[in-house]
There are 2 protein chains.
Amino acid sequence: MSLSHAIMTALLDEDLSGYELAKRFDVSLGFFWSASHQQIYKALKQLHESALVSAKDIDQQGKPNKRIYALTDSGRKDLDTWVLGETRTKPAKDELLVKMYNIGRSDLDQIVAKIEVRRGEHVLKLALFRKIESRQYLDPENLPLRKKGVYLALQAGILQTETSIRWCDDSLSLLKR
Amino acid sequence: MSLSHAIMTALLDEDLSGYELAKRFDVSLGFFWSASHQQIYKALKQLHESALVSAKDIDQQGKPNKRIYALTDSGRKDLDTWVLGETRTKPAKDELLVKMYNIGRSDLDQIVAKIEVRRGEHVLKLALFRKIESRQYLDPENLPLRKKGVYLALQAGILQTETSIRWCDDSLSLLKR
DNA sequence: GGTTGATATGCAATTTTATGCATATTAAAC
DNA sequence: GTTTAATATGCATAAAATTGCATATCAACC
């Protein structure tokens with residue numbers, strides 16, 4: 001299960017609660033692997049039962065108590081094995097592109113509007129990527145190896161998002177003509 | 001269920017059997033929405049029960065008999081409604097990018113090899129896209145509206161794939177330094 | 001005569017993901 | 001004092017995807 005390994009990857013840098021993990025999966029790692037909080041809590045429970053993570057209950061004042069998870073040695077080993085193992089390329093799934101095949105039979109304006117919505121989403125996402133980049137990754141050549149990987153993942157996000165925006169622009173221009 | 005609508009979209013142009021649909025989902029529409037043959041046969045059965053497609057059994061010599069499905073009027077209506085309805089943006093999921101976060105703790109060479117494999121996949125895919133483009137879409141401005149949508153989906157595939165190749169090259173160059 | 005590969009369809013079980021619901025604390029705003 | 005928002009965790013169910021079978025015809029090859 002990849003979700004478990006994405007969670008363990010997030011736990012490499014810091015020990016986190018389910019709630020905090022869910023927030024990380026909303027940005028950062030979540031740009032490349034997403035999950036709902038329900039999924040995350042469930043996966044954490046299973047990881048704990050398999051002893052791949054340890055758990056510690058933390059009493060808090062002002063907030064509900066939380067349970068902090070940390071990678072165990074056994075978890076690290078499992079993660080290493082996963083990293084070196086088979087890496088599947090998930091086929092893309094995009095409703096909008098399937099809908100593009102239906103243009104002409106339905107209302108063109110409404111599909112144009114959908115492309116504009118998509119464009120807006122990507123613009124927001126790109127701004128977020130750029131913000132992270134400018135704060136932490138201005139000098140990629142001199143990052144430690146570990147950070148270079150994270151930097152490259154971020155670059156993947158930036159490039160793909162820029163490309164998507166360009167596609168939206170091209171499409172809008174062709175369809176509005 | 002989006003798969004049903006992707007199938008109905010494929011049935012817009014021609015009546016197809018489950019087997020033929022599965023082949024379409026391996027290329028063409030499948031670049032943007034993928035499914036296994038088991039999924040497709042199941043969805044077709046349900047679509048038929050809902051009368052969104054009609055079925056006709058065809059006796060064949062030299063091959064097993066097959067069952068050809070066609071969109072019904074009710075199917076067309078359902079498809080129109082879906083096209084105009086809410087369009088979700090699926091969050092991307094890419095194991096390779098999650099693995100990038102693990103560089104440095106595991107064998108760099110093996111991750112570099114994975115990026116090279118990924119690059120090869122994309123090069124093949126791009127060649128396929130380009131072939132389709134050169135055969136059918138050399139003059140996008142003068143396509144009928146319906147075909148413009150398909151052309152734009154193809155362009156999305158081309159742009160995204162080119163971007164992925166560029167990312168692989170950038171990554172290989174940074175990691176090999 | 002036997003294997004391989006393309007054609008053709010499907011069930012069953014499992015895993016993964018999505019959706020809806022449920023609960024509880026505290027701070028801040030109105 | 002009541003609503004809203006953030007923090008915090010989770011169950012139960014439904015939908016979707018994956019994986020492992022299972023079957024059958026016919027042509028081509030060895």
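Chain naming here is simple, since letters A, B, ... match the order of the sequence lines and numbering starts at 1 in each.
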Legend entry - Residue whose nearest DNA chain C nucleotide is more 5′ - A:Ala35 or B:Gly18: B:Gly18
Inset, instruction - Using a heavy-atom cut-off of under 4.0 Å over every strand shown, decide if B:Lys42 touches base, sugar-phosphate, or nothing. - result: nothing
Legend entry - Separation of atom NZ in A:Lys93 from atom P in D:dA17, rounded to whole Å: 4 Å
Inset, instruction - Have a look at A:Gln38 and say if it touches a base, only the backbone sugar-phosphate, or nothing, with a 4.0 Å heavy-atom cut-off. - result: base
Legend entry - Any side-chain heavy-atom pair of B:Leu152 and A:Ile115 under 4.5 Å: no
Inset, instruction - Please state whether the phosphate of D:dT19, meaning OP1 or OP2, lies under 4.0 angstrom from any side-chain nitrogen or oxygen of A:Arg88. - result: yes
Legend entry - B:Glu20 CD - C:dA6 P separation (whole Å): 16 Å
Inset, instruction - With the side chain counted from C-beta on, respond yes when B:Leu84 and A:Lys99 share a heavy-atom pair under 4.5 Å apart, and no when they do not. - result: no
Inset, instruction - In whole angstrom, give the distance that lies between atom CD1 of B:Ile58 and atom P of C:dT7. - result: 17 Å
Legend entry - Residues B:Asp94 and B:Arg118 bridged, charged N to O under 4.0 Å: yes
Legend entry - d(OH, A:Tyr41; P, D:dA12) in whole Å: 17 Å
Legend entry - Nucleotide C:dT9, atom P - distance to CD of B:Gln46 in whole Å: 17 Å
Legend entry - A:Leu3 side chain, from C-beta outward: closest of D:dT18, C:dT17, C:dT7: C:dT17
Inset, instruction - Side chain of A:Ser17 only, please: which of C:dT9, D:dT9, D:dT7 is the nearest? - result: D:dT9
Legend entry - Residue A:Tyr19, side-chain atoms from C-beta onward, closest of D:dA8, C:dT7, D:dG10: D:dA8
Inset, instruction - Name the orientation class of the two ring planes belonging to B:Tyr69 and B:His48 (parallel below 30°, tilted from 30 to 60°, perpendicular beyond 60°). - result: perpendicular
Inset, instruction - Remember a base hit wins even if backbone is also touched, and classify A:Gln39 as base, sugar-phosphate or nothing at under 4.0 Å, heavy atoms. - result: sugar-phosphate
Inset, instruction - Round to the nearest Å and state the distance from A:Leu21 atom CG to D:dT7 atom C1'. - result: 15 Å
Legend entry - Touch class at under 4.0 angstrom, heavy-atom based, for B:Ser2 against every strand present: nothing
Legend entry - Cationic N near anionic O, under 4.0 Å, B:Arg130 to B:Glu162: yes
Inset, instruction - Specify the separation, in whole Å, of atom CG of B:Asp57 and atom P of C:dT9. - result: 9 Å
Legend entry - Separation of C:dT17 C1' from A:Lys90 NZ (nearest whole Å): 9 Å
